[in-house]
Each structure stands twice: as C-alpha cells, then as structure tokens.
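Lettering of chains follows the sequences in order, A, B, ..., and the numbering in each one begins at 1.
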2 protein chains.
Amino acid sequence: MMIFDFFNSINNLSPESQSALAQITIEKTYKKNEVIQNIGSRCKTVYFVKDGCARIFYYKDGNDITEHFSFEHELIVRAESLFTGKPTSKGIQAINKSTIWSIDSESLFKLYDKHHDIERLFRLLFEKEYVNTVKRIESLQFMSAKERYAELLQTTDYIQKIPLKYIASYLGITQVSLSRLRADIR
Amino acid sequence: MMIFDFFNSINNLSPESQSALAQITIEKTYKKNEVIQNIGSRCKTVYFVKDGCARIFYYKDGNDITEHFSFEHELIVRAESLFTGKPTSKGIQAINKSTIWSIDSESLFKLYDKHHDIERLFRLLFEKEYVNTVKRIESLQFMSAKERYAELLQTTDYIQKIPLKYIASYLGITQVSLSRLRADIR
DNA sequence: CAAAACATTTTACAAATGATAAATAATCAT
DNA sequence: ATGATTATTTATCATTTGTAAAATGTTTTG
C-alpha cells in the first residue's frame with residue numbers, strides 16, 4: 001500500500017510492523033460532500049488523505065463552521081475525542097471526491113505495545129499536527145482576517161477548489177466579510 | 001523528586017526510567033517577571049510548573065503578546081521549535097514567583113530509545129497538550145471576546161493574579177477592549 | 001435546456017473592537 | 001512614606017466585522 005512510502009519517510013517501519021499496520025488500514029473513496037464521520041460520534045479512526053481534501057466541521061448557533069482542512073498526505077483526526085475517548089461535536093466531510101486511508105485507532109493503539117516503531121511513527125505524526133495547531137493559534141490570535149486569508153492562499157493551490165463559505169468560517173469570519181476582503185484585495 | 005508522583009499518575013515509570021529521568025531534571029525558582037527562555041532561542045527544554053505560573057510570549061508589531069499560560073503541573077514548551085529544531089520568536093517568562101522543573105529535551109529524546117515508558121509518558125503529555133491547543137482554536141475562531149474572557153475566568157482562580165494586559169493579548173484583544181468588557185459585565 | 005438549488009457579491013446599517021490620549025489607581029523602589 | 005513607575009479605566013473617534021436582505025452568478029439535475 002502506497003501509504004507506507006509516506007510512513008517510512010517519517011519513521012522507518014520493520015516489515016512486521018508494516019504488515020501489522022496494513023491489516024488495519026482501509027482505503028476508500030468518498031464522493032463530493034460525503035460525510036466521513038458524523039457529528040456526535042467518538043473518534044476511533046485515524047484518517048489520512050491520499051487524494052482530494054476533507055474538513056472537520058461543527059455547528060455553532062446553527063452555523064456550519066470549518067475547523068480544519070486536510071489535503072494530500074495530511075492527517076485528519078478529532079483530537080479532542082481520539083485522545084480522551086469522549087464524544088465530539090465535530091464531524092468529518094469530504095469536500096471534493098477524495099480517497100482516504102482509515103486506520104482503526106483502538107487496533108492502532110494496541111499495536112503500540114508490540115511495535116515500538118509504530119508508536120514512534122504516530123508520535124511524530126501527532127507532534128507535527130500539534131505544531132500546525134500552535135501555528136494556527138498564532139494566526140487566529142492577532143492577525144487580521146485579511147492577513148489570515150492571504151496566508152491561507154499560500155498554503156496550497158487546492159484552496160481554489162474549496163467553497164468560500166468553508167474558507168470564511170475557517171478564518172473566523174462570515175462569508176460576507178470574506179467577500180468584502182476579496183473585493184478589497186483586487 | 002515530587003514530579004514523579006505526577007508523572008506516574010499519567011504513565012507508571014520503572015525505577016530505572018525514573019532515575020534516568022531524575023538525572024536530567026532540574027528544579028529552579030524564578031522571580032516575578034524573570035525570563036526563563038529568551039525570544040530567538042531554540043527550545044531545548046521541556047518545562048513543568050511546580051508552583052506559580054508562566055507564560056509564552058512574543059512581539060507582534062512591537063506589542064507584547066501572550067500566547068499561552070501554564071499553571072500548576074502544566075507543561076510549557078514552544079512546540080514549533082522543540083519538535084522542529086528551528087529557532088522560535090517566542091520566549092518564556094515567570095509571571096509571579098514560580099518554581100519550575102526543567103528537562104533537557106535532547107537528553108530526554110535520547111532516553112526514548114532505551115526507556116519505552118518514558119517515550120510513552122511524554123507522548124501522552126503532548127497529546128494532552130495538543131488537545132488543549134485544539135480547544136483554544138475553537139474558542140479563538142468563533143467565540144466573542146466576552147465569551148472567551150468568561151471561559152478563561154472559569155479555568156483557574158490563579159487568573160486573578162495575572163496582569164490584565166497579559167490576559168487581553170491572550171484573548172486576542174487590546175487591553176482597552178478588555179477593560180470595556182469587564183465594565184460591561186459588572 | 002431550463003428550472004431549481006446553491007454560492008457569491010453587494011448594499012445598508014448595527015455592533016464590536018482598535019487607536020490614541022488622558023485620567024485614575026495600584027505597585028514598586030529608595 | 002513618597003515620588004516614580006506601571007497598570008487599569010474612561011472617553012472619543014475610526015475601522016473592522018456582523019446581520020439581514022436582495023442581486024447576481026454558478027452548478028446541478030430532471
């Protein structure tokens with residue numbers, strides 16, 4: 001499975017670890033807008049985007065809010081549930097047609113005991129994700145919406161394929177405000 | 001060292017691991033406002049607050065911004081540097097007189113190979129920190145400043161001992177706005 | 001293709017927050 | 001204790017962002 005090229009580039013896995021991990025990894029293609037995990041569930045799956053794009057979303061006062069985007073070879077987990085066992089008010093959705101690798105987290109965490117290299121791999125992956133989250137705080141805390149938008153445009157060209165309404169809430173502003181910003185920039 | 005009561009409550013350590021870890025752990029007391037780590041350094045230390053309170057801060061357009069507070073038994077690290085090896089534009093400062101445990105990170109990471117239980121302990125500690133960071137994004141992204149302030153007041157009574165100017169920037173607003181919010185609430 | 005559904009922009013006005021400056025209040029150092 | 005320094009509040013005005021509603025543009029589907 002192609003995902004191991006990516007994994008091995010982070011932390012090299014023994015053949016045994018690789019085959020143990022392969023047994024709990026599933027590849028699946030989702031349609032545009034298809035919900036991958038519903039709001040209210042417990043997060044028991046670690047996802048990676050093989051191809052396409054997905055988002056983590058929730059509702060606040062009836063409004064759909066995008067908390068996170070994941071693009072090619074990026075992780076998607078609802079950490080506040082995965083690492084606590086509590087249910088989460090967030091869901092996961094494919095934004096466009098996307099192929100996603102899924103790893104059952106309970107099985108994964110069991111492998112940690114036997115396969116030190118798997119524990120290390122996922123430690124490194126989550127550390128990276130933690131760093132991304134800290135960077136996102138920096139931008140939400142004191143950058144203007146315009147600065148945040150400009151920054152987001154830099155991250156990946158794929159942004160062009162994502163509806164503005166998702167981008168607006170991700171930036172912490174309304175769609176109307178984002179539209180205004182864009183008019184301003186031109 | 002008392003820190004091991006705390007560590008063992010997260011993941012039980014073998015006596016060997018405990019003594020290896022004890023050898024790289026230092027306890028030190030800092031004065032009010034004393035800088036623990038300067039801006040611009042590389043983060044090569046994992047800190048825990050034994051007693052008191054510290055903050056992570058940086059300057060944006062000449063303004064002092066508090067990114068993070070840590071209270072009793074909480075971790076302080078500048079993740080964007082610790083996990084990448086890059087220098088950081090953030091510093092660490094004791095807000096009041098505080099006793100802090102420091103663990104040299106290079107030595108710590110070396111212990112991971114020999115002591116699986118230490119790697120696991122710190123994996124769990126950082127996962128917890130990651131979850132906190134995600135929760136902070138939730139609050140910065142779509143809660144009003146007033147809601148964020150109310151939420152912060154709930155977290156710990158120690159907040160009362162922290163200057164408002166630090167709290168304002170932590171909430172992502174100016175000191176003047178925070179003052180207004182407080183007047184409003186009364 | 002055309003109607004329906006969905007997405008984006010525009011407008012007008014309201015509310016929240018920022019910037020600056022000045023007035024008080026609290027704390028610190030000698 | 002007292003003068004100096006630092007912290008907080010208040011006031012005024014400017015800017016940003018929100019809300020609501022309508023106009024325009026785009027995509028989907030029968």
Side-chain angles (χ1 to χ4, degrees), chain A residues 30-35 52-53 55 57 59-66 69 93-98 138-153 158-186, chain B residues 30-35 52-53 55 57 59-66 69 93-98 137 139-153 158-186:
Chain A
Y30 295 87
K31 286 181 287 203
K32 178 171 180 173
N33 293 328
E34 188 172 351
V35 171
C53 168
R55 68 181 188 119
F57 69 102
Y59 291 95
K60 155 120 187 167
D61 305 332
N63 300 309
D64 177 315
I65 295 179
T66 296
F69 292 119
Q93 184 184 27
I95 294 178
N96 294 313
K97 185 184 175 196
S98 304
E138 254 179 78
S139 98
L140 282 170
Q141 198 178 347
F142 260 104
M143 278 167 64
S144 69
K146 198 179 287 182
E147 287 174 297
R148 292 201 293 279
Y149 180 59
E151 189 187 52
L152 183 63
L153 287 181
Y158 203 104
I159 284 294
Q160 310 298 340
K161 296 189 199 160
I162 293 179
L164 281 188
K165 57 176 178 172
Y166 294 159
I167 295 178
S169 69
Y170 180 80
L171 297 173
I173 58 177
T174 61
Q175 207 175 325
V176 174
S177 294
L178 178 55
S179 212
R180 239 181 326 221
L181 287 187
R182 283 158 59 95
D184 237 51
I185 287 167
R186 265 180 260 127
Chain B
Y30 295 87
K31 285 182 288 204
K32 179 173 181 172
N33 293 330
E34 188 172 353
V35 171
C53 168
R55 70 181 188 118
F57 69 102
Y59 291 95
K60 154 121 188 165
D61 306 331
N63 299 311
D64 176 314
I65 295 179
T66 296
F69 292 119
Q93 183 184 29
I95 294 178
N96 294 313
K97 185 185 175 195
S98 304
I137 285 182
S139 98
L140 282 170
Q141 197 178 347
F142 260 105
M143 279 166 63
S144 68
K146 199 180 285 184
E147 288 174 296
R148 291 202 294 279
Y149 180 59
E151 188 187 53
L152 183 63
L153 287 180
Y158 203 103
I159 285 294
Q160 310 298 341
K161 295 188 197 160
I162 294 180
L164 280 189
K165 57 175 177 172
Y166 294 159
I167 294 179
S169 68
Y170 179 80
L171 297 174
I173 56 177
T174 61
Q175 207 174 327
V176 174
S177 294
L178 178 55
S179 213
R180 240 185 322 223
L181 288 186
R182 283 159 57 96
D184 237 50
I185 287 167
R186 266 181 256 127

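Taking atom CG of B/Leu171 as the reference point, atom P of C/dT17 lies 10 Å away to the nearest angstrom. Per the geometry, CG belonging to B/Asp184 stands 15 Å off C1' belonging to D/dA11, to the nearest Å. Rounded to whole Å, the distance from CG on B/Leu181 to P on D/dT10 is 12 Å. Summarising the geometry, the separation between CG on A/Leu178 and P on D/dT19 is reported as 15 Å, rounded to the nearest angstrom. Across the protein-nucleic acid pair, A/Lys31 atom NZ and D/dT27 atom C1' stand 17 Å apart, rounded to whole Å. Atom pair B/Ile173:CD1 and C/dA19:P shows a separation of 12 Å (rounding to whole Å applied). If you take CG of B/Asp61 and P of C/dT20, they are 12 Å apart, rounded to a whole angstrom. Following rounding to the nearest Å, A/Asn63 (CG) and D/dG18 (P) show an atom-to-atom distance of 11 Å.
Of the residues in residues 140-150 of chain A, none lies under 4.0 Å from DNA chain C by heavy-atom distance.
Residues passing the side chain to side chain donor-acceptor pair (under 3.5 Å) test with B/Tyr158 are B/Asn96, sequence neighbours excluded. Taking the ring-ring contact (aromatic ring centres under 6.0 Å, His included) definition, one finds that B/Phe69 meets it with B/Tyr170, sequence neighbours left out. Residues that satisfy the side chain to side chain contact (heavy atoms under 4.5 Å, CB included) test with B/Phe57, not counting sequence neighbours, are B/Ile39, B/Arg55, B/Tyr59, B/Asp64, B/Gln93. For the salt bridge (Lys or Arg N to Asp or Glu O under 4.0 Å) test, no residue two or more places apart in sequence or in another chain qualifies with B/Glu151. For A/Gln175, there are no side chain to side chain donor-acceptor pair (under 3.5 Å) partners two or more places apart in sequence or in a different chain. By the side chain to side chain donor-acceptor pair (under 3.5 Å) test, B/Asn63 pairs with no residue at all, sequence neighbours left out. Residues passing the side chain to side chain donor-acceptor pair (under 3.5 Å) test with B/Thr174, sequence neighbours excluded: B/Ser177.
Sorted by first and then second residue, the salt bridge (Lys or Arg N to Asp or Glu O under 4.0 Å) pairs with a member in residues 139-149 of chain A read A/Lys146-A/Asp184, A/Glu147-B/Lys60; sequence neighbours excluded.
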Show me the protein contacts with nucleotides 5-7 of chain D, counting only N or O atoms at under 3.5 Å.
from	atom 1	to	atom 2	distance (Å)
D/dA7	OP1	B/Lys165	NZ	2.6
D/dA7	OP2	B/Lys165	NZ	3.0

All N/O contacts under 3.5 Å from nucleotides 24-30 of chain C to the protein, with atom names and distances to one decimal?
from	atom 1	to	atom 2	distance (Å)
C/dC28	OP1	B/Lys32	NZ	3.3

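Within the 4.5 Å cutoff, side-chain heavy atoms of A/Pro163 are placed close to those of A/Ile95. A heavy-atom distance below 4.5 Å is found between the side chains of A/Ile167 and A/Tyr149.
Nearest-nucleotide positions on DNA chain C for A/Ser177 and B/Gly172 put A/Ser177 closer to the 5' end.
Annotation: the span from B/Leu181 atom CG to B/Ile173 atom CD1 amounts to 4.5 Å, rounded to 0.5 Å.
Ranking D/dG18, C/dT17, C/dT10 by closeness to the A/Thr174 side chain, first place goes to D/dG18. Of the candidate nucleotides D/dT19, D/dT12, D/dT10, D/dT19 has the atom nearest to the side chain of A/Arg180.
Taking every heavy atom of both residues into account, B/Leu178 and B/Leu164 meet most closely at CD2-O, 3.6 Å. When all heavy atoms are compared, the tightest approach of A/Ser169 to B/Gln141 is O-NE2, 2.6 Å. When all heavy atoms are compared, the tightest approach of B/Ser98 to B/Cys53 is OG-N, 2.9 Å.
If one axis is set at each end of the helix from C/dC1-D/dG30 to C/dT30-D/dA1 from five pairs, those axes are 50° apart, to 10°.
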